[in-house]
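Here is the structure we will look at.
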Amino acid sequence: MFPERLTEGYTSFVEGRFAREKSRYAMLAERGQRPEIMVIGCVDSRVSPEVIFDAAPGELLVVRNVANIVPRYEPDRGSQHGTSAALEFGVQALGIRHIVVLGHAHCGGIKFFAQDQAPLSQGDFITQWMSQIAPAAAALGPHARYDADAYQRRLEFASVELSLENLMTFPWVKSKVEQGRLDLHGAYFGVASGRLLVRDPLSGRFEAVGEGP
Ligand SMILES: [Zn+2]
């Protein structure tokens, strides 16, 4: 049976938001989507970009994966590239102007890597997926230098940095960034605090944005 929670939620959407934004949906259907901002976020159910940024339909192109990772540009590797395909669609087909890599506190994917947890299943996709952040961990140095929470937090930030670096391995991202037609941003959402930190491109520091909660 289809979850009742979804039926109820859908009813509320149709009567509320859809009713209010009917003309916007119709316009988007007719003219197509033209979002200027792409967000690469985590699958985590607490970190929904549309909710955090109070986005209307058509405003954000969102791709979510475990731990908001942008893989390196590897067109020849014999595996599927969901995130890279979404990136190509956003940058090449839609002409996105901003890409935001949105990390967050208490990320299960980062924790999985940091604690070197046993494979979740025989198939074990997560271990391989999360191994992509090994360079970020290597840059941080040995675990022993930090307590577990501090290490996890540092790795969450370092992994956003790594994804920003990996974005620049895509030739069409790099050329647009260099031409000033595309900006890359790092951000970090504190789940409990509701605080949003944004990476200062000059200092590399993550700093609070807006008034905050
Ligand atoms: Zn996460």
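As the structure is a prediction and not an experimental result, all values here were calculated from the model. For ligands, and for the atoms within them, numbers begin at 1 and follow the listed sequence. As a basis for the values below, the full set of heavy atoms in this structure was taken, side chains included, without hydrogen atoms, waters or symmetry mates.
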Name every donor-acceptor pair, under 3.5 Å, that has one atom in a side chain of residues 172-181 and the other anywhere in the protein, sequence neighbours excluded.
unit_1, atom_1, unit_2, atom_2, d
Lys174, NZ, Glu178, OE2, 3.0
Ser175, OG, Pro171, O, 3.4
Lys176, NZ, Val91, O, 2.9
Gln179, OE1, Arg181, NH1, 2.5

Could you pull out every donor-acceptor pair under 3.5 Å between side chains of residues 3-16 and any protein atom, sequence neighbours left out?
unit_1, atom_1, unit_2, atom_2, d
Thr7, OG1, Pro3, O, 3.4
Thr11, OG1, Thr7, O, 2.8

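Under the rule for a ring pair (Phe, Tyr, Trp, His ring centres under 6.0 Å), the partners of Tyr73 that lie at least two apart in sequence or sit in another chain are Phe170.
Contact annotation: the side chain of Leu28 approaches that of Pro57 to within less than 4.5 Å [non-hydrogen atoms, C-beta and beyond].
Less than 2.8 Å away from the Zn ion (ligand 1), the protein contributes these N/O/S atoms: Cys42 SG, His104 NE2, Cys107 SG.
The two residues Asp200 and Leu202 make their nearest non-hydrogen contact at OD1-N, 2.7 Å.
Look at Arg199 and Glu161 and you find a salt bridge, because one of the NZ, NE, NH1 or NH2 atoms lies within 4.0 Å of a carboxylate O, short of that distance.
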